[in-house]
> 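Sharing a structure with you now.
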Amino acid sequence: MHFALVGNPNSGKTTLFNIVTGSTAHVGNWPGVTVDRKEGIYKKLPEPVHVVDLPGIYSLSPYSPEEIVARNYIINDHPDVIIDIVDATNIERSLYLTTQLIETGLPVVVALNMMDLVEKKSKRIDIETLEKHMGVPVVPVSALRARGVHELMKRAYESHSSAPAIPSVLSDSTLGDALGRIAKLLMQSGMANPYFYAVKYLENDPICEKFSPDMRAQLETIKKNIPSDEDTGDDLEASIANLRYTYITKHFQTTFSAQKHLSEMTPSDNIDAILTHRFLGIPIFLAMMFLVFHLTFSESLFGTEFLSPGVWMLEQMGTLTDALSGAAAAWLESVGTSQWAMDLVVDGLLAGLGAVLSFLPQIMLLFLFLTLLEDSGYMARAAFLMDRLLRNFGLSGKAFLPMLMGFGCSVPAMMATRTLEDIRDRRATILLMPCFSCGAKAPIWAMFAAALFPSHADIMIFAIYLIGIAAAIVGGIVLNRFVFKKQSVPFIMELPAYHVPFARNVLLNLWDKLKHFLLRASTIIAGATVVIWFLSNFDFTLHAVEANSHESILGGIGTLLLPIFKPLGFASSPEGWKAAVAILTGLIAKEMVVSTMGVLYAPGANGDALEDDAAATALGAALAATFSPLAALSFMVFNLLSVPCMAAVATAHAELKSPRWTFFAVAFWLGLAWTVSFAIFQIGSLLGIGTQIAG
């Protein structure tokens, strides 16, 4: 059996899906369409049930790829039950979709979600009235608190063989007779879902273009005899929308009157009066983000001698990786391991992985803060605030939502651009995506902040994020002026009510990110670290050379790249080829930058240093002796703006659907990174800012 979860955006549909499916959930793509397909299994019924989470939609008259996918699945795949998630705090708007789902003729169960918010106001919704006038089961639930979920699935299972009692809320309307006659003709022709197609025919929906000419001629005769609506004239689509809302308002007036308080000023409205203020909104957003970075990366806690939580966790992880490396070196020596094998494991694999894993607690703390802001409903306000800014270079605030996802990972963020209706908006957003620092880049900022800016780590990392946003603004203006030449599009979005993040959802989100990080560390990074060790210890004739010297294969490759990076400041020293190589490996995966530097800059060719000091401390000392603060900033900015990773390039190619645009994207990323890094280093050098090497 297959149950389809359908609902408006922000109705709690995905939260319900996560509760129902748990660890059985998996994500793929719909056949032939690059839109996420989420599916899992619910095991607490007499038989396992496959649950499909459809993209959020407002109606079955689709415009975006997500809406088309959702409607096609409902109409063509005929799920056994449709579970319609309705926002209990906004029933009138949400039931519009419900009235359309009933017309499909499939079993429908309404999940009246967010009942905890309604109960918090000491209000009551008349469930019996809803069931009577909709003709389908209605189950009150709170997906956020996992209340009523099993009862919902049980009612859905019991109703899988029964069609809705009311075929359409339009049956008794002025269009009822015409719809009935059209549905009868379609049924006689053997068409499934006749009432649904009857409504769509009156709405001039393109889905009805497949009707035969003879059928269309008969239907057109019926359509011509429909009297004009006094409010909408001959616009039948508007008439049908009017009739749906008229039915909802008429039959659920008591329900809405019970919720009258929800249209008054709510706590969310009062909070928004400050957080989305015309002048205070953006400064508050910037202050909030700075607080996040201060707690994650600063070496002091609000000016006190206490370490911030992030730095304290970094030190504990450094102690752990130090102990593991020392123990591994001692064990290998005790079993008589050859020197080259010890060097491979200790100075290659463990040094590279240790450099990355040392920063894992800080990265997870950063993800925790961002997840809390997102789950509370604040990040949606950030998109609203940014609309005014984005509109100046041809994008709407809706583009900021995928960009916000870019702070986590560029790959799903690029996939999220499918929600943008305009193809030019999608392309521009993908081109600007690297400007928003993903989680894979965070270890780079943490590494350099600890090594060169220990007293001002939070300010330095906050500056990196601001530089990325500024680069996105400048890049967007350039693209809008010379590439796309388009006007800004209107921005409409729904702001969810503020609420305290639910611990289960936050922990699931963090666990997904941790799994992703560890998977990459145990596969791509581990394998690449071994390759880097080999290339840094052997020359082109495959003879062993002094570790990490310019005579190695990596040294030769890095030397060839030096002319490109010398104007950027970080490749001018004798050790400059190492930075060039780190950038090259970072094009594969940004986590590789830190692990590459861990291998190339680690002092000494034996494991003794790792036994005495944490890998992160040793690496930091080497960087402080090699990079000036200005060169380090230039290096960080180049890694911020350049190609995120090969996975992101592949995703961009799939979303842009053009080799020419993919090539342009890669060239744009590299060109923007080089230009901004060049400007930072050259201007800083002219001003004499941060040019001295501390080490």
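Numbering starts at 1 and runs along the sequence shown.
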> Closest approach of Ala183 and Ala198, non-hydrogen atoms and distance?
N-CB, 3.9 Å
> Between His133 (side chain only) and Leu130 (backbone N and O only), is there a donor and an acceptor less than 3.5 Å apart?
no
> When you look at Ile240 and Glu203, which way does the side-chain contact (heavy atoms from CB on, under 4.5 Å) test go after all the steps?
CA-CA 8 Å; Ile240 290 171; Glu203 291 179 338; 3.6 Å; yes
> Nearest 0.5 angstrom please: Ile274 CD1 to Ile284 CD1, how far?
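Result: 7.0 Å between the selected atoms.
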> Suppose the criterion is side-chain hydrogen bond (donor to acceptor under 3.5 Å, both in side chains): which pairs have a residue in residues 180-191, not counting sequence neighbours?
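Listed once each, the pairs would be none.
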> Where is the tightest heavy-atom contact between Ser11 and Ile85, given as atom of each residue plus distance?
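Closest heavy-atom pair between Ser11 and Ile85: O-CG2, 3.3 Å.
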> State, with a plain yes or no, whether a side-chain heavy atom of Asn204 is found less than 4.5 Å away from one of Leu236.
no
> Is any side-chain heavy atom of Leu60 closer than 4.5 Å to a side-chain heavy atom of Leu97?
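Yes, close enough: below the 4.5 Å cut-off.
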> Any non-hydrogen side-chain atom of Glu131 less than 4.5 Å from a side-chain atom of Val136?
no
> Using the rule given for side-chain contact (heavy atoms from CB on, under 4.5 Å), can you reason through Tyr378 versus Met288, listing the C-alpha separation, both sets of side-chain angles and the distance that settles it, and then say yes or no?
CA-CA 11 Å; Tyr378 179 71; Met288 203 169 296; 3.7 Å; yes
> Assess whether a salt bridge exists between Glu237 and Lys200, defined as any Lys/Arg side-chain N lying under 4.0 Å from an Asp/Glu carboxylate O.
no
> Is any side-chain heavy atom of Leu95 closer than 4.5 Å to one of Arg244?
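The answer is no, as the side chains (C-beta and beyond) never meet within the 4.5 Å cut-off.
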> Hey, are the side chains of Phe436 and Tyr465 touching, using non-hydrogen atoms and a 4.5 Å cut-off?
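The answer is no, as the side chains (C-beta and beyond) never meet within the 4.5 Å cut-off.
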> Would you check if the side chain of Ser173 reaches a backbone N or O of Leu170 as a donor-acceptor pair within less than 3.5 Å?
yes
> Can you name the nearest heavy-atom pair linking Ile430 to Ala652, along with the distance?
CG2-CB, 4.0 Å
> Would you compute the distance between atom CZ of Phe3 and atom CG of Leu152 and round it to the nearest 0.5 angstrom?
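Here the interatomic distance stands at 9.0 Å.
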> Decide, yes or no, whether a salt bridge links Asp116 with Arg147 under the criterion of side-chain N to carboxylate O below 4.0 Å.
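Judged by the 4.0 Å cut-off on N to carboxylate O distance, Asp116 and Arg147 do not form a salt bridge.
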> So do the side chains of Val109 and Ile82 get within less than 4.5 Å of each other, counting heavy atoms only?
no
> Indicate whether any N or O donor in one side chain lies under 3.5 Å from an N or O acceptor in the other, for Asp84 and Thr98.
yes
> Could you tell me the separation between the CD1 atom of Ile91 and the CG atom of Leu112, rounded to the nearest 0.5 Å?
5.0 Å
> For the side chain of Lys13 and the backbone of Leu54, is there at least one donor-acceptor N/O pair under 3.5 Å apart?
yes
> Should Arg71 and Asp205 count as an ion pair when the cut-off is N to O under 4.0 Å?
yes
> Could you pull out the closest heavy-atom pair between Met114 and Gly12, with the gap in Å?
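Closest approach of Met114 to Gly12, heavy atoms only: CE-N, 4.1 Å.
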> Are the side chain of Asn113 and the backbone of Ala143 linked by a donor-acceptor contact shorter than 3.5 Å?
yes
> If we only count heavy atoms from C-beta on, is the Lys44 to Met153 side-chain gap below 4.5 Å?
no
> With distance as the sole test, does Asp53 use its side chain to make a donor-acceptor pair with the main-chain N or O of Phe17 at under 3.5 Å?
no
> Say whether, by atom type as modelled, one donor and one acceptor occur between the side chain of Asn8 and the main chain of Ile57 under 3.5 angstrom.
yes
> Any salt bridge between Glu151 and Lys154, counting N to O under 4.0 Å?
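So Glu151 does not pair with Lys154 through a salt bridge.
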> With side-chain contact (heavy atoms from CB on, under 4.5 Å) as the test, pick out the partner of Val51 among Thr21, Leu16, Ile41.
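Only match with Val51 under side-chain contact (heavy atoms from CB on, under 4.5 Å): Thr21.
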> Is it true that a side-chain atom of Asp126 and a backbone atom of Glu128 form a donor plus acceptor pair closer than 3.5 Å?
yes
> Of all the heavy-atom pairs spanning Pro55 and Ala70, show the shortest one and how long it is.
O-CB, 4.0 Å
> Please check this pair: side chain of Glu103 against backbone of Ser168, looking for a donor-acceptor N/O pair closer than 3.5 Å.
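Not confirmed, Glu103 side chain does not pair with Ser168 backbone.
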> Rounded to the nearest 0.5 Å, what separation is found between the OG atom of Ser142 and the CD1 atom of Ile19?
9.0 Å
> Measuring from Leu185:CG to Tyr201:OH, what's the distance to the nearest 0.5 Å?
10.5 Å
> What verdict does the side-chain contact (heavy atoms from CB on, under 4.5 Å) test give for Thr99 and Met134, after you've listed the backbone C-alpha separation in whole Å, the side-chain angles of each residue and the deciding distance to 0.1 Å?
CA-CA 8 Å; Thr99 64; Met134 298 306 295; 4.0 Å; yes
> Would you call Val52 and Lys38 a side-chain contact if the rule is heavy atoms closer than 4.5 Å?
no
> Are Tyr58 and Tyr96 near enough that their ring centres are under 6.0 Å apart?
no
> Nearest heavy-atom pair of Leu175 and Leu243: which atoms, and what distance?
CD1-CD1, 3.7 Å
> Evaluate side-chain contact (heavy atoms from CB on, under 4.5 Å) for Val108 paired with Val81, printing each intermediate quantity in order.
CA-CA 6 Å; Val108 176; Val81 179; over 6 Å; no
> Side chains of His78 and Tyr73 only: does a donor on one sit below 3.5 Å from an acceptor on the other?
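His78 vs Tyr73: no donor-acceptor pair found between side chains.
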> Out of curiosity, Met1 CE to His160 NE2, how far, rounded to the nearest 0.5 Å?
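Separation between the atoms: 4.5 Å.
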